[in-house]
A.B. asks: 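Mind having a look at this structure? Questions to follow.
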Amino acid sequence: PLVSVIVPCHNAERWLAECLASVIAQTYRPLELSIWDDSSTDGSARIVDASRAALQEAGVALVHGGGAGDAPIGCGAAKNRAVRQSSGECLCFLDADDVMRSSRVEAQLDLLQRLGSGHLLGSGVDREPAD
């Protein structure tokens, strides 16, 4: 796939299902989801496993590395591990406690293709709840 969504995960059971649902809802395909589980001790791995069929049915390839065991390496290092195991030419970063609008990947890729190579794109944030 051209685009890999990069998700570092550490004890994100509370938010992960909604995060993964926002990846499944993306309008752009094909898509790869690269998750690095940074030694989670909660149900994060179960949520990823429970989402495998829905991801596959939606045309999202899953690469899931890491897991319980060693001490956590931190969010930055977990992102780097997720990047290393991914295969996309373009990377879309998403934290496990966040969701993205369904058109995010498509809109950002469209803009990137119009701008040409050598650009870095960001996105706006809406906090919910606001306070």
Side-chain angles (χ1 to χ4, degrees):
L2 177 62
V3 179
S4 293
V5 178
I6 304 298
V7 178
C9 176
H10 176 72
N11 291 341
E13 178 179 34
R14 180 175 166 195
W15 311 278
L16 192 54
E18 192 174 0
C19 174
L20 298 179
S22 79
V23 174
I24 291 168
Q26 290 302 298
T27 56
Y28 177 81
R29 294 290 186 276
L31 197 59
E32 177 183 73
L33 172 61
S34 178
I35 299 176
W36 185 267
D37 186 340
D38 188 16
S39 301
S40 293
T41 57
D42 66 356
S44 294
R46 284 191 306 274
I47 291 170
V48 173
D49 288 340
S51 299
R52 283 181 189 275
L55 287 161
Q56 184 176 15
E57 187 175 305
V60 179
L62 174 64
V63 182
H64 183 203
D70 297 328
I73 57 176
C75 185
K79 282 182 185 182
N80 288 337
R81 297 272 176 95
V83 168
R84 273 189 237 133
Q85 71 181 12
S86 71
S87 63
E89 184 179 329
C90 299
L91 304 176
C92 177
F93 291 91
L94 178 66
D95 289 337
D97 63 346
D98 291 337
V99 296
M100 55 184 169
R101 291 194 172 120
S102 61
S103 61
R104 176 188 176 192
V105 172
E106 185 173 14
Q108 287 184 325
L109 185 58
D110 178 63
L111 178 58
L112 186 61
Q113 289 173 331
R114 286 187 280 129
L115 291 172
S117 64
H119 290 85
L120 176 67
L121 301 178
S123 59
V125 174
D126 293 324
R127 293 204 182 273
E128 293 180 15
D131 55 350

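Predicted model, so just to flag it, every value in this text is computed and none were measured.
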A.B. asks: Could you measure the distance from the CD atom of Q26 to the CZ atom of R104? Nearest 0.5 Å is fine.
C.D. replies: 8.0 Å
A.B. asks: Could you grab the distance from atom SG of C92 to atom CG of L121, nearest 0.5 Å is fine?
C.D. replies: 10.0 Å
A.B. asks: Would a distance-only check, ignoring hydrogens and angles, find a side-chain to backbone donor-acceptor pair under 3.5 Å from S34 to V83?
C.D. replies: no
A.B. asks: Return yes if some donor-acceptor pair links the side-chain N/O of D37 with the main-chain N/O of H64 below 3.5 Å, else return no.
C.D. replies: no
A.B. asks: Quick check for you: to the nearest 0.5 Å, what is the distance between E32 atom CD and L2 atom CG?
C.D. replies: 11.0 Å
A.B. asks: Excluding sequence neighbours, so at least two apart, what forms salt bridge (Lys or Arg N to Asp or Glu O under 4.0 Å) with D97?
C.D. replies: none
A.B. asks: Name every donor-acceptor pair, under 3.5 Å, that has one atom in a side chain of residues 12-24 and the other anywhere in the protein, sequence neighbours excluded.
C.D. replies:
residue : atom : partner : partner atom : Å
S22     : OG   : C19     : O            : 2.7
S22     : OG   : M100    : N            : 3.2

A.B. asks: When rounded to the nearest 0.5 angstrom, what is the spacing between CD1 in I35 and CG in L62?
C.D. replies: 5.5 Å
A.B. asks: Do D95 and K79 meet the salt-bridge criterion of a basic N to acidic O distance under 4.0 Å?
C.D. replies: yes
A.B. asks: If you round to the nearest 0.5 Å, how far is CD of Q85 from CG of N80?
C.D. replies: 11.5 Å
A.B. asks: With rounding to the nearest 0.5 Å, note down the distance linking CZ in R29 to CD in E106.
C.D. replies: 10.0 Å
A.B. asks: Counting distance only, does the side-chain N/O of E89 pair as donor-acceptor with the main-chain N or O of S4 below 3.5 Å?
C.D. replies: no
A.B. asks: Would you kindly confirm whether L94 and W36 end up in one hydrophobic cluster when ILVMFWY residues are joined by side chain heavy atoms under 4.5 Å apart?
C.D. replies: no
A.B. asks: Donor-acceptor pairs under 3.5 angstrom involving side-chain atoms of residues 45-56: please list them, not counting sequence neighbours.
C.D. replies:
residue : atom : partner : partner atom : Å
D49     : OD1  : R52     : NE           : 3.1
D49     : OD1  : R52     : NH2          : 3.3
S51     : OG   : I47     : O            : 2.9

A.B. asks: Indicate, with yes or no, if L109 and L31 share a hydrophobic cluster defined by side-chain heavy-atom contacts under 4.5 Å among Ile, Leu, Val, Met, Phe, Trp and Tyr.
C.D. replies: yes
A.B. asks: Looking at every non-hydrogen atom in both residues, tell me the closest pair between S44 and D42 and how far apart they are.
C.D. replies: OG-OD1, 2.7 Å
A.B. asks: Following the transitive rule for hydrophobic clusters with a side-chain heavy-atom cut-off under 4.5 Å over Ile, Leu, Val, Met, Phe, Trp and Tyr, establish whether V60 and V7 coincide in one cluster.
C.D. replies: yes
A.B. asks: Search all heavy atoms of D38 against all heavy atoms of P72 and return the closest pair with its distance.
C.D. replies: OD1-CA, 3.2 Å
